[in-house]
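Notes follow once the structure below has been shown.
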Amino acid sequence: MVPPKLSIGQAKSNGVTVPLRKRISTRSQNLLVNNALLKQPLLNKDLRSKRKADASPLKEKTVKRSALGNITNAIGKPFGTQQQEPKKVVKKIATKTKTIIQINSNKVTEKIVPKPDTAVPKSKPIQRVKAIKHEEEKLKSNKTETVKCSLDSEKSEDSSLYWSALEDVSDNNIKKFERENNKAENNEKNENNEKNEKKETLQIDDTTSGREEEKTRVTNNLDAVPEKVLPEGVQWDFDAENWLDPFQVSEYAMDIFNYLKERECLFPVGDYMDKQVCLSRWMRSLLVDWMVEVQESFELNHETLYLAVKLVDLYLTKVTVGTDTLQLLGASSLFIASKYDERIPPMVEDFLYICDGAYTQRELIKMEINVLKVIDFDLGIPLSYRFLRRYARCAKVSMPTLTLARYILEYSLMDYTTITYSDSKMAASALLLALQMKDLGGWTPTLEYYSGYNVDDIRDIVRVLNEGLHRKHKEALVTIRNKYSHKIFFEVAKLPLKDTLDI
């Protein structure tokens, strides 16, 4: 059906017509309708009574059961009947009474037996039934302290259901006695075990303490500075002063450098320039200058440069090389030395790039293999740079003086006349020349002790080095001079030279 039309100003909600006021918003109109509906009485409310459950029992047949009642008594009886418990009649009589508990199959009753002088009201006779086995076992577990009755009273004519705890006293005592004996034996065993363990621990402690004492003795012996008899004129024992510094390796320093001096004879470099038809001294000096430039550009260690130059001289001593492969020999020697001394050596492509693409990777690797075969893969070559640092530190020379000695030694790499001298003598000669140029005196007994050389052993080499500094090279050989003219190296290359040496 179509809903009836409402006149303006009326609203219908749930069958009720509510007058509306003009010019009121919809929210206020809704509130007005709701208020009107609340005020209207509820006419259509369904007043129905509560419905009971179909299976609910009647009030007359409901039974109240206690939570701890005897449920077994209700078996076989109708649902509606209520079981009434018999009332207990207890009458206070004389102070001394005896209670007898009688157990029926369904009931447990108590009876108070008074003294013969007292009178007790008559009660119904109680049937006596034998107890069930599991109930007897429960009653037997009661202690003698709870039941303070004699054997006669327990075994009376009334045939009480209480069993006397005193009947089992002998068995219990025997068991207790055995248990106590077992406990005593176990305690003795435990005590003996503890004593043995203590003895063992004491022995272990003695052994451990002895070992600790031995360790402390050994460590004390290692830490103890050995007493050396120094020669006359030696000012100090450099290794003893740095004995506790693990980086100095003071225990083996002298042995290490003595061993390196012995190995110098295994790497002899002869006068090979006569055998090299295509090479000259000038070409070798140009190669060494280029290798110093590579060392600076790649920021390699000085040991890497000295080892590479040594590899070049050793190879040229045994193999004839043309002018085309001379630079390849220098690059491969630097590559081998960098892999031996550097933490992060340059790549093969870096050396190919520094050679301006004159060689291929295969040629560089092939030359590397050839160099290693010539030296028999023995790269533990004694270097003059390592000897120089050892001598300068033992003499406690200042850093500018050591830098000057390094400049003299590195400058001598380009000099072909110095290749036949041993590296240890070259290091001692460079240090002596630096001391002369700084006016710091001559060869001291301390330097003589740690280097193992006298002034007579190195006098000729010092003069050769001084002559090499005075020799003016062409502009092509200025890399080393420019390197040591920097402030980082104390500008030692600009120091004035000595015309005459006081040796």
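Computed from heavy atoms alone, side chains included, the values below leave out hydrogens, waters and symmetry copies. Only a predicted model underlies this, so the values are computations on that prediction, with no experimental measurement involved. Along the sequence shown, the residues carry numbers beginning at 1.
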Check whether Lys261 reaches the backbone of Ser451 with its side chain - one donor and one acceptor, N or O, closer than 3.5 Å. yes
Side chains of Gln295 and Thr304 in contact at under 4.5 Å (non-hydrogen atoms): no
Donor-acceptor under 3.5 Å (Asp415 side chain, Thr417 main chain): yes
Is the shortest heavy-atom distance from the side chain of Phe335 to the side chain of Ile365 under 4.5 Å? no
Backbone N/O of Asn466 and side chain of His470: donor-acceptor pair under 3.5 Å: yes
Sole candidate of Arg386, Arg263, Lys310 that passes salt bridge (Lys or Arg N to Asp or Glu O under 4.0 Å) when paired with Asp423: Lys310
Do Ser333 and Tyr315 have side-chain atoms, one donor and one acceptor, less than 3.5 Å apart? no
Within the side chain of Thr401, is there an N or O that forms a donor-acceptor pair under 3.5 Å with the backbone of Val397? no
Residues two or more places apart in sequence or in another chain: which of them pass side-chain hydrogen bond (donor to acceptor under 3.5 Å, both in side chains) with Asp239? Arg390
Over 12 non-hydrogen atoms of neighbours within 6.0 angstrom of NZ in Lys396: yes
If the threshold is 4.0 Å, N to carboxylate O, is there a salt bridge linking Lys318 and Asp313? no
Which is it for Phe351 and Phe298 under the ring pair (Phe, Tyr, Trp, His ring centres under 6.0 Å) test, yes or no, and what are the steps along the way? CA-CA 10 Å; Phe351 288 100; Phe298 287 162; 5.5 Å; yes
Leu352 vs Val348 side-chain heavy atoms within contact, under 4.5 Å: yes
For the side chain of Gln436 and the backbone of Asp502, is there at least one donor-acceptor N/O pair under 3.5 Å apart? yes
Is the backbone N or O of Glu410 less than 3.5 Å from a side-chain atom of Tyr306, with the two atoms forming a donor-acceptor pair by type? yes
Would you call the rings of Tyr407 and Tyr484 parallel, tilted or perpendicular, taking 30° and 60° as the class edges? tilted
Taking the six-membered ring for Trp, are Tyr450 and Phe387 closer than 6.0 Å centroid to centroid? no
Report yes if the side chains of Leu300 and Pro346 come closer than 4.5 Å at any heavy-atom pair, otherwise no. yes
Decide yes or no for Gln248 and Arg393: does some side-chain heavy atom of the first lie under 4.5 Å from some side-chain heavy atom of the second? yes
